[in-house]
Asker: 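Dropping a structure here in structure tokens format, bear with me for questions.
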Amino acid sequence: MPELGVRVGQLSSEEQLSVIIFPAGLEFEQDILLFKVPSRHGAPHSYFKDNRVPIRPRPAKNRTLQGGRHPLPLPLQPLVLHLNPMETTSNLLSQRREKAEALAQDGINLFSNSFTAPQAVADILPKGDLLQAEAHEESGTTYRLAGRIMSMRKFGKAAFFHLQDSSGRIQIYVRRDTLGVETFAHFKKWDVGDIVGVEGKLFKTKVGETSIVAREVVMISKSMRPLPEKFHGLTDVETRYRQRYLDLIVNPATRETFQKRVEIIRLVREFLNNRGFMEVETPMMQPVPGGATAKPFKTHHNALGMDLFLRIAPELYLKRLLVGGFERVFEINRNFRNEGLSTRHNPEFTMLEFYQAYATYHDMMDLTEEMISWLAAEITGSMELSYQGTPVNLAPPWRRLTMDQALVQIGGVDQALLNDDAAIFALVREKGIELQPEAGPGKAKTELFELLVEEQLIDPTFITSYPTEVSPLARRNEEDPTVTDRFELFITGREIANAFSELNDPVDQLQRFEQQINERGDDEEIHPVLDHDYVRALEYGMPSAAGEGIGIDRLVMLLTDAPSIRDVILFPHLKPELREQGKEEAQAEA
RNA sequence: GGGUCGUUAACUCAGCCGGUAGAGUAUCUGCCUUUUAAGCAGAGAGUCGCGCGUUCGAGCCGCGCACGACCCA
């Protein structure tokens, strides 16, 4: 077996990178060449197509491969292969391109802008409507539809396809003797995935499917890529998240989920507007990230020469509006937290916050119960639903427990321990929870609650009387200052809402901010900075008030039975996938 | 951050003990004017995620990396 040398040669054309293969040590007069597409990874990839032995030269210009490793059955005589780039790159994409070019050469506009004002499929085909038309017979008015071809059954001189628009799907019947020979010939180059316009009358097929027999068909946008398979669809979750447009095209359930999401947010606005709340917009970029304890994203404003933070909560701005005299305000917008990702956490998520003057957290509980049970009925048609196989009953009234009651009744903690700080710390250690040294008994109780109780709260449950220690912005309870007038709402073991009677005593607020900073001051990532302006605002006087935050994404998950927050966010954050980028660029170059 | 699993044709997936990469759909060619997972006949299509190693030989074994899913922290 001869030794072989492989050398990366020069581009023989714009599209071909040639690789010269020659038996090492042999004299030869003619280059032996080989081909294939340049890779964007730097190293050209090539292989010897005839015998399928891969050769992978490195970017390093010359490299000798050991003979024994690569038993290439190369002839000792020089060999010249001429490979046509069109042949070697033949694939689905180029086939579509060729088809499109053929249509274009026949004068067909592949991206026509002239088919306007179509009707909606749903207007023609209301659900359950049985058409009056007799089978096999055209009747009624002419309809005009536009949408994407989702399936295609071609015959020699006729075809059926399904057209999908944002409202639904309808079958279209195409015949050569209706369209004319020329148009039908063009039509036969249409593919699943193309966006087209159709005009024609209704009829019923043999098996009774209401369809439209096309009198006219127009190409609106030629698709250059094949859609995922019709039967199994697109199931790869990574592709579904990265290429959400594809997911939306082929998976009706995805479309429904996001339609429901939009509807939920619309209904929330309606609910609050009807109760006199006004929607406001407060800064997403804040010089002092406040209103929650979380790691913020940092950015920089060049002209002002200052760092800004994407907000972790709108709370402090909304309460400034209470000071300003807007007595009922709400905001639905994104919050950003620079923390881990999970099935329940996305770095940006949508939060509803609302504030009502002259109200208490008890009013918020009533309002929340009413709003969410109403939403469920509107969206799912029932207050009893199933989340990931677990039945959940949202019908009011909802259970209300203090944290201590929940620890005893659900967590199985001995009532006697609750007023004994030492015993609580002992139990925490016994459960293997690690606490910061400065953590007090309130923090310890909260940790126990999260461990022992939280995930068992399936049906909606308000947990009240949160320790003051873990509630820096909430008003103290007037009878027991160690707890606050606060609740969190849990459904399916997850926190859905957090609300409290607002702290409006500027002296108390300043002290709590200072205490927070003393505890967290060394944590640069949390950036605890005292918001002096907020304290100043309180000094002017803020009405007594209650406020609440509801995680919209988690609420949508609940009402759409979505297992992951990524299923209810159109474009969830993913790490960039280099391989895909490479493919795209290679294709763009080709 | 740790563990488990996954990554093979455009899509959905097989691939045994390490021995020339397979199917269905999609695509292409031919036939086909009521089909609907249309049908019949034929054909083409692969960087087996990436890299290194072991081996005469790696989709398969080892190590590392990337991306994703789930669980844990």
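Lettering follows sequence order; numbering is per chain, from 1.
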Asker: Syn or anti for B:rC17, please, going by whether the chi angle lies within 90° of 0.
Answerer: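 You should classify B:rC17 as syn.
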
Asker: Among all residues two or more places apart in sequence or in another chain, which pass the salt bridge (Lys or Arg N to Asp or Glu O under 4.0 Å) test with A:Arg344?
Answerer: none

Asker: Categorize A:Tyr241 for me: base, sugar-phosphate, or nothing, with a 4.0 angstrom heavy-atom threshold over every strand shown.
Answerer: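 Sugar-phosphate, backbone atoms only, no base.
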
Asker: According to the side chain to side chain donor-acceptor pair (under 3.5 Å) rule, which pairs have a member within residues 561-574 of chain A, sequence neighbours left out?
Answerer: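 Qualifying pairs, neighbours excluded: A:Tyr241-A:Asp567, A:Glu348-A:His573, A:Gln388-A:Asp561.
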
Asker: Under 3.5 Å, is there an N or O donor on one side and an acceptor on the other linking the side chain of A:Glu209 and the base of B:rU35?
Answerer: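 Side chain to base: no pair below 3.5 Å.
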
Asker: If we take the C1' atom in both B:rC61 and B:rU55, what is their distance in whole Å?
Answerer: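 It comes out at 10 Å once rounded to the nearest Å.
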
Asker: When you compare B:rA69 with B:rG44, how far apart are their C1' atoms, in angstrom units rounded to a whole number?
Answerer: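 So the two C1' atoms sit 34 Å from each other.
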
Asker: With pairs taken as Watson-Crick or G-U wobble and both distances under 3.5 angstrom, which stems of at least three consecutive pairs involve RNA chain B?
Answerer: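 Runs of three or more consecutive pairs: B:1-7 with B:66-72, B:10-13 with B:22-25, B:27-31 with B:39-43, B:49-53 with B:61-65.
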
Asker: So what does A:Gly340 hit on the nucleic acid, given a heavy-atom distance under 4.0 Å: a base, only sugar-phosphate, or nothing?
Answerer: nothing

Asker: In terms of side-chain geometry, is the basic nitrogen of A:Lys443 or A:Glu447 positioned less than 4.0 Å from the acidic oxygen of its partner?
Answerer: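 Here A:Lys443 pairs with A:Glu447 in a salt bridge, since their nearest N and O are under 4.0 Å apart.
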
Asker: For A:Glu199, which residues count as a side-chain hydrogen bond (donor to acceptor under 3.5 Å, both in side chains) partner, sequence neighbours excluded?
Answerer: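 Here the qualifying residues are A:Arg144.
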
Asker: Looking at B:rU12, does its base get a donor-acceptor pair with the side chain of A:Thr235 below 3.5 Å?
Answerer: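 Checked by distance alone, the answer is no.
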
Asker: My understanding is that only residues two or more places apart in sequence, or in another chain, count here; which of them pass salt bridge (Lys or Arg N to Asp or Glu O under 4.0 Å) with A:Lys189?
Answerer: none

Asker: Run the side-chain donor-acceptor check on residues 152-162 of chain A: report pairs under 3.5 Å with partners two or more places apart or on a different chain.
Answerer:
from     : atom 1 : to       : atom 2 : distance (Å)
A:Arg153 : NH2    : A:Gln171 : OE1    : 2.8
A:Lys154 : NZ     : A:Lys188 : O      : 2.7
A:Lys154 : NZ     : A:Trp190 : O      : 3.0
A:His162 : ND1    : A:Ser151 : OG     : 3.3
A:His162 : NE2    : A:Glu209 : OE2    : 2.9

Asker: Using the six-membered base ring of B:rU35, report whether A:Phe160 stacks on it, requiring centroids under 5.5 Å and planes under 30° apart.
Answerer: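 A:Phe160 vs B:rU35: stacking yes.
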
Asker: More 5' along RNA chain B: A:Arg566 or A:Met152, using each one's nearest nucleotide?
Answerer: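 First, find each residue's nearest nucleotide; the 5'-ward one identifies A:Met152.
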
